[in-house]
2 protein chains.
Amino acid sequence: MSERDTERSVSQTVRAQLALRDMILSGTLRPGERISELQAVEITSVSRTPVRLALVRLEDEGLLQAIPSGGFMVKAFSERDILDSIELRGTLEGLAARFAAERGASARNLEPLKECLSDLDQLVRQDPISVEAFSAYVTMNARFHALLTDLSGSAPVIRQIDRVSAMPFASPSAFVMAQSALPEAHNILLIGQEHHRIVVDAIENREGARAEAVMREHARLAVRNLRLALRNRTHLDLLPALALLTSAPTD
Amino acid sequence: MSERDTERSVSQTVRAQLALRDMILSGTLRPGERISELQAVEITSVSRTPVRLALVRLEDEGLLQAIPSGGFMVKAFSERDILDSIELRGTLEGLAARFAAERGASARNLEPLKECLSDLDQLVRQDPISVEAFSAYVTMNARFHALLTDLSGSAPVIRQIDRVSAMPFASPSAFVMAQSALPEAHNILLIGQEHHRIVVDAIENREGARAEAVMREHARLAVRNLRLALRNRTHLDLLPALALLTSAPTD
DNA sequence: AAACCGATTTATGTATACTTAATTTGGCAA
DNA sequence: TTGCCAAATTAAGTATACATAAATCGGTTT
C-alpha cells in the first residue's frame with residue numbers, strides 16, 4: 001500500500017471514487033473531458049485496480065460514460081436532463097405513494113412518516129425562516145422522501161428511486177436548495193409542505209390514486225420552479241453539480 | 001491469456017459475465033447462494049481481475065447483491081418483485097409516451113413506430129397464430145416498446161427504462177412469452193395491440209395525458225395477466241429467469 | 001506534396017503475486 | 001462442558017508485471 005494512509009479504514013477503491021466524484025462535481029474535470037485510467041491513477045494516487053473499479057462504479061452511478069474504444073468521459077447534462085430527472089423521480093415517488101396506500105402501510109409503519117411531517121411543519125412555520133431551520137428542513141425533507149419511498153414496500157421501486165436520487169441534481173435536497181433563492185421561496189416551501197400533508201393523509205386513508213396524484217403534482221411544481229431558478233443562474237450557487245451542466249436553457 | 005479462446009474477439013470480462021449470467025438464469029446458481037470471486041474464477045476459467053469486473057457489472061444489473069463482508073450472492077426475487085417490475089416499467093413507459101406526445105415526435109420521427117405498429121397488426125391478425133408469427137410478434141413488440149421509449153427524447157427516462165427492462169423477467173418479450181400459454185392468450189394480444197394503436201394515435205395528436213394513461217393501462221393488464229399465469233406455473237416454461245423466483249404467490 | 005505503411009509509443013485488458021482482513025478451528029482455561 | 005483467545009487458513013483488496021490492441025508519428029514512395 002502507499003506510504004501513509006490519509007484516511008485510515010477506508011478502501012482505496014472508495015477513496016478513489018470519492019476523489020474523482022468531487023473533482024467531477026466541482027468542475028475540475030469538465031463535462032465531455034476524457035479521463036483515462038492512468039490519469040485517474042495520477043490524480044488519486046491509487047493503483048490501477050481500485051481506480052478501475054471506482055471508474056466503473058461512477059459510470060454506473062451515471063457521472064461517467066464509457067468510451068467504446070476504452071476509457072471514460074465525464075458525462076454532460078442538459079437543463080432538460082435535470083428537469084426530466086426531477087419529473088422522473090416524482091413519477092416514481094408517485095408510484096411509491098400509491099403502493100404505500102394500496103398495500104401495508106399500517107398505522108405502525110406510518111408513524112415515522114407522520115412524525116417527520118410534523119417536524120417539517122414546525123420548521124416551515126417560521127417566517128422568515130432561519131438559516132439553521134432551512135438547513136434542518138433540507139435534511140428532514142430528504143428524510144420524508146426516503147421514508148415515503150420505503151413505505152412502498154417494493155424493492156424494485158425503491159431501487160429505481162434511489163438510483164435517480166443519487167444523481168447530484170435530482171435528490172430532494174438538491175431541489176430544495178436550488179429553489180431556495182427564488183423570491184417566493186417560502187411560499188414554495190409551504191405549498192410543498194401542503195403536498196406532504198395530503199400524501200400522508202391519502203396513504204392513511206388508502207387512497208392510492210390521490211396519493212399518486214399529489215406526488216406528481218409535487219414534482220410538477222418542482223420542475224416549474226427549478227426551471228425558473230435555472231433562468232437566472234446567479235441564484236444557483238446552491239445547486240450541486242452545476243458543473244455538469246452544458247447546454248443552453250430549454251424553451 | 002488462456003491456452004485457447006473458445007470465443008475469439010470477446011473480452012474475458014464479457015465472457016465471464018455471460019457465463020455467470022447464464023448460470024444464474026438457468027438456476028445452476030441458486031438464489032441466495034453465495035458466490036465468491038474464487039468460485040467465479042473456477043467456474044469461468046477467467047482470472048480474478050476480469051471476473052471481479054463481471055461480478056460488479058452483474059451486481060449493477062441487479063442479478064447479484066454485494067455482501068457487506070465481501071463477495072456476492074445471487075439475488076432472489078418474489079412474485080411481487082416481478083409484478084412490481086412490470087408495473088414500474090409501465091409507469092416509466094407512460095412517462096416516456098407523455099414526453100413523446102408533448103415534445104418533438106415529428107411526423108418523421110413517428111414513422112418507424114407506425115411501421116412497427118402495422119407490422120404488429122399483420123402478425124396479430126392471424127387466428128390461431130402460428131409459432132413463427134408469435135415469435136416474430138415477440139421481437140416486434142420489443143421493438144415497439146424500444147421505439148416508444150426512444151421517442152421520449154429524454155436520456156434519463158430512457159436510461160431508467162433500459163435498466164428495468166434489463167431484468168430478465170421485466171422485459172417486454174418476457175411478459176409476452178409468459179402470458180402466451182393462458183387460454184385467452186390471443187385476446188390478450190389483441191387488447192395489447194389496441195393499446196399500441198391508441199398510444200401512437202395519442203402521440204400523433206399531442207395528447208400527452210392520454211398517451212400516458214394507455215401505457216399504464218397496458219401495464220396494469222400485463223400485471224393482471226402475469227399474476228394469473230403465475231398461479232399455474234405449469235404454463236411458465238417460457239418465462240425466463242423463473243429460477244430467480246423464491247417466495248410463494250402473493251395475495 | 002500527399003498518402004500509405006510500418007514502427008514506436010501509449011493505454012487498456014489480463015494475470016498474478018503480495019497484503020491485509022476476516023473467519024474458522026483448535027486448544028486451553030475457567 | 002463451555003467460552004474465549006490465539007493461530008492458521010481462506011478470501012478479498014491492492015499493486016504491478018505482462019500482453020495486446022489502438023493510436024500516433026515518422027519515413028518512404030508515388
Side-chain angles (χ1 to χ4, degrees), chain A residues 1-24 28-30 32-61 63-75, chain B residues 1-24 28-30 32-61 63-75:
Chain A
M1 193 170 293
S2 73
E3 331 68 75
R4 59 208 161 82
D5 293 358
T6 31
E7 291 218 18
R8 199 164 288 280
S9 86
V10 173
S11 78
Q12 300 293 83
T13 302
V14 171
R15 175 146 53 243
Q17 195 175 344
L18 291 174
L20 288 170
R21 181 173 24 221
D22 278 354
M23 295 188 72
I24 293 168
T28 311
L29 297 170
R30 310 194 72 83
E33 186 171 345
R34 182 181 164 166
I35 174 171
S36 67
E37 266 182 43
L38 281 72
Q39 288 172 268
V41 165
E42 287 202 356
I43 289 170
T44 62
S45 324
V46 162
S47 71
R48 280 186 63 206
T49 306
V51 148
R52 166 172 279 236
L53 271 181
L55 290 170
V56 168
R57 291 247 154 82
L58 286 169
E59 177 198 5
D60 174 39
E61 209 175 306
L63 260 37
L64 292 180
Q65 188 166 15
I67 299 174
S69 60
F72 296 85
M73 56 180 282
V74 179
K75 210 158 167 181
Chain B
M1 194 169 290
S2 72
E3 329 68 78
R4 58 207 164 81
D5 294 356
T6 29
E7 291 219 16
R8 200 164 289 279
S9 88
V10 173
S11 77
Q12 300 292 82
T13 302
V14 171
R15 176 145 52 240
Q17 195 175 343
L18 292 174
L20 288 169
R21 186 181 11 233
D22 277 355
M23 296 188 72
I24 293 168
T28 310
L29 298 169
R30 310 193 72 80
E33 189 170 344
R34 186 185 158 161
I35 174 170
S36 68
E37 265 184 45
L38 282 74
Q39 288 174 269
V41 165
E42 287 202 353
I43 289 170
T44 62
S45 325
V46 162
S47 70
R48 281 185 65 206
T49 306
V51 148
R52 165 172 280 236
L53 272 181
L55 290 171
V56 169
R57 291 247 153 82
L58 287 169
E59 177 197 6
D60 175 40
E61 208 176 305
L63 258 38
L64 292 180
Q65 188 167 16
I67 299 175
S69 60
F72 297 85
M73 57 179 279
V74 179
K75 211 158 167 180

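Within every chain, numbering begins at 1; the chains are lettered A, B, ... in the order of the sequence lines, protein sequences first and strands thereafter. Please read these numbers as outputs of a predicted model, since none were measured by experiment. All values below come from the heavy atoms of this structure, side chains included, with hydrogens, waters and symmetry mates left out.
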Rounding to a whole Å, what distance do you find between [X]:[atom1] and [N]:[atom2]?
{"X": "A:Leu53", "N": "D:dA15", "atom1": "CG", "atom2": "P", "result": "12 Å"}
{"X": "A:Arg15", "N": "D:dT14", "atom1": "CZ", "atom2": "P", "result": "9 Å"}
{"X": "A:Arg34", "N": "C:dT12", "atom1": "CZ", "atom2": "P", "result": "5 Å"}
{"X": "B:Leu55", "N": "D:dG13", "atom1": "CG", "atom2": "C1'", "result": "14 Å"}
{"X": "B:Gln12", "N": "C:dT12", "atom1": "CD", "atom2": "C1'", "result": "14 Å"}
{"X": "A:Met73", "N": "C:dT12", "atom1": "CE", "atom2": "P", "result": "15 Å"}
{"X": "A:Gln39", "N": "C:dA11", "atom1": "CD", "atom2": "C1'", "result": "11 Å"}

Inspect the surroundings of CZ in B:Arg30 and state if more than 12 heavy atoms from other residues, nucleotides or ligands are less than 6.0 Å away. no
For atom CD of A:Glu42, decide whether the heavy atoms of other residues, nucleotides or ligands shown that lie under 6.0 angstrom number more than 12. no
Reckon B:Leu38 touches a base, only the sugar-phosphate, or nothing at all at heavy-atom distances under 4.0 Å? sugar-phosphate
Most 5' of A:Thr13 and A:Ser69 on DNA chain D, judged by nearest nucleotide: A:Thr13
Between the protein and nucleotides 16-18 of chain D, list every N/O to N/O distance that falls short of 3.5 Å.
{"from": "D:dT16", "atom 1": "O4", "to": "A:Thr49", "atom 2": "OG1", "distance (Å)": "3.1"}

Name all residues meeting the side-chain hydrogen bond (donor to acceptor under 3.5 Å, both in side chains) criterion together with A:Arg57; count only those two or more places apart in sequence or in a different chain, and write none if there are none. none
The criterion is side-chain hydrogen bond (donor to acceptor under 3.5 Å, both in side chains); which residues satisfy it with B:Glu61, sequence neighbours excluded? B:Gln17, B:Arg21
Nearest-nucleotide comparison on DNA chain C, the residue closer to the 5′ end among B:Val46 and A:Glu37: A:Glu37
Roughly how far apart are A:Ile43 CD1 and A:Ile35 CD1, rounded to 0.5 Å? 4.5 Å
Which is it for A:Val74 and A:Leu64 under the side chain to side chain contact (heavy atoms under 4.5 Å, CB included) test, yes or no, and what are the steps along the way? CA-CA 5 Å; A:Val74 179; A:Leu64 292 180; 4.2 Å; yes
